[in-house]
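Reading through the structure tokens given below for one structure.
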Amino acid sequence: MTPPLTQPAIVTIFGAAGDLTKRKLMPALYNLFLDKQLPSKFLVIGVSRQGDEESFRTYMQHGLAEFSRRGAADPEKWAEFAQNVTLVVGEYNDPETYNQLGVKIKEAETSFGFKAAHVFYLSTPPMIFGLIADGLGASGLAADRENARIVIEKPFGRDLESSEALNNQLLRSFEEKQIYRIDHYLGKETVQNILAFRFANALFEPVWNRRYVDHVQITVGEDVGVEKRGGYYETSGALRDMVQNHMLQLMCMVAMEPLVSFDADEVRNKKVDVLKAVRPLTNANPHDYAVRGQYGPGVKDGQFVPGYRQEPGVDPLSTTETYVALRLYLDNWRWQDVPFYLRTGKRMMRKMSQIVIVFRPVPHLMFAADATESFEPNRLVINIQPDEGIILKFQAKEPGTGMNLSTVSMGFDYNKTFQASSREAYETLLQEVISGDTTLFMRDDQERVAWNIVEPLLKAWQSRPSNTFPNYSAGSWGPEAADMLLARDGRSWANPMYIPHA
Ligand code: BG6
């Protein structure tokens, strides 16, 4: 376990009454507190346009019952935690709000007797990120370059131009090293484990290249629809919501070169190298390498579920994509001509995020044709969630006379092996911000290159809205065209139906 942090921390959450605070941030802070991973001296300040301290605390306590991995909070422990939770009520464009905040921070620091880490977490609608950063800058709260940190939730802009504009606005008050751009996938244990798997074992790295790998598949499937986020999703779509960030980050973890050290810039440089190697997409013929989809009504677990266009807050004629499949190539020595197939969608058959490394067939099969009917080249399956774990699929001789081959698996199951439920990504990420480690956060150039990659496709799809939506049923694995994308290359999706220990 990481040793507890010693420097006191003051975590200010803008948008304190919002969903993210209740679902993720407060449960994460509370779980860190229970695990003794928060500094012993800490204060959580919510900033909200309305409400009072008591009802804010009660609302958060209810949030824990619903969303914390540990369920409802023990009343005594909660009372201990809640005495370090306070609220500032004010408008985000009012300097008085920042004055009040400054007073609370100063008071807390005086009582701690030490300089604290000041974390400002922007959990508000994206259009006011810049406004709040300016407010913090004007009030002097951003001035301490070592201790003041600003955390920005995604989406970081909605294209290259707007992300650069937001960046420039942040840089008026903060330096780059103070800015923590969240991609919560990087906080997931199974995502971090990819580096351990690749670089702490001698076995895999020698075959981790174009000589042995036929192709890579990255699936992030969700079984839920857009839920209550129709309004936001209509302005986003799957390409912005999932591909520009989470999917590209997963690809970086698979494709990056070995690290010299765990230094934040070393890790981020290696990832930027991957993104820079992506062969530019063209906006002329996107159907050559990309498929978009939108779910229609369907059946999920025996229940009828509505299509995207019937969801609250969604235009009944919407052309927003809820599914994307892509084929990318990396132009570098390691991966030249190895396709990376990425796909993500809402309302798919199962919630399943999985990376599959499909190896090339052996150069010569000396077995009789009927012995190898079910022959499959080796596959390494990294289950990001759920059923966290890793499976290696290989060929074995079936018992009995003759030489018949079957595909069998070796599995590593996270939960069984470590006898503990994985901690939530937000716990890891908040702890890293408090300790001032930027490794797991997106640097400005990384954000820019990622936008640069998807921008031609964004533009192409925007200028030619689909006239075939909806084109997949809720509860399926996505549109047929996505199967065709791989079929044209003589391949098929590894539809994830198994768990590591199966
Ligand atoms: C968020 C997206 O970033 O990631 C959501 O905005 C998506 O649309 C979510 O549902 C998926 O995260 P996870 O951790 O549930 O896979």
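Only this structure's heavy atoms are used, side chains among them; waters, hydrogens and symmetry mates stay out. Counting starts at 1 for both ligands and their atoms, following the listed order. Keep in mind that what you see is a predicted model, and the values were worked out from it rather than measured.
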What about Trp78 and Tyr30, are their ring centers closer than 6.0 Å?
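Here the rings of Tyr30 and Trp78 have centres that are less than 6.0 Å from each other.
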Between Thr21 and Tyr121, does any side-chain donor sit less than 3.5 Å from a side-chain acceptor?
no
Does the side chain of Ser162 pick up a donor-acceptor pair with the side chain of Asp159 at under 3.5 Å?
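Short answer, yes.
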Starting from [atom], which protein heavy atom do you reach first, and at what distance in Å?
{"atom": "atom 11 (C) of ligand 1", "value": "Glu222 OE1, 3.8 Å"}
{"atom": "atom 12 (O) of ligand 1", "value": "His184 NE2, 3.1 Å"}
{"atom": "atom 14 (O) of ligand 1", "value": "Lys188 NZ, 2.6 Å"}
{"atom": "atom 5 (C) of ligand 1", "value": "Arg229 NH1, 3.3 Å"}

At under 4.0 Å between heavy atoms, which part of Tyr185 makes contact with ligand 1: side chain, backbone, both or neither?
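Side chain only.
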What part of Lys351, side chain, backbone, both or neither, has a heavy atom within less than 4.0 angstrom of ligand 1?
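It is the side chain that gets close, since no backbone atom is under 4.0 Å.
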Could you check whether atom CD of Gln50 has more than 12 heavy atoms from other residues, nucleotides or ligands sitting under 6.0 Å from it?
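Atom CD in Gln50 is not crowded, with 12 or fewer foreign heavy atoms closer than 6.0 Å.
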Does any N or O of ligand 1 fall below 3.5 Å from an N or O anywhere on Gln385, backbone included?
yes
Got an N/O contact under 3.5 Å between Lys154 and ligand 1?
yes
Quick test of your reading of the structure: of Thr344, Asp241, Asn245, whose heavy atom lies closest to atom 2 (C) of ligand 1?
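Looking at heavy atoms only, the winner is Asp241.
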Taking the side chain as everything from C-beta on, heavy atoms only, tell me whether Gln61 gets closer than 4.5 Å to Phe81.
no
Need the ligand 1 atom indices (1-based, order shown) with element for anything under 4.0 Å from a heavy-atom of Lys346.
5 (C), 7 (C), 8 (O), 10 (O)
Which of the atoms of ligand 1 are close to His246, meaning less than 4.0 Å from one of its heavy atoms?
1 (C), 3 (O), 4 (O)
Pick out which of Asp223, Thr219, Asp387 makes a side chain to side chain donor-acceptor pair (under 3.5 Å) with Arg350.
Asp387
Is the Phe204 ring parallel, tilted or perpendicular to the Phe197 ring (thresholds 30°, 60°)?
parallel
Phe120 vs His118 aromatic rings, parallel, tilted or perpendicular, using cut-offs 30° and 60°?
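Perpendicular, since the angle between the ring planes exceeds 60°.
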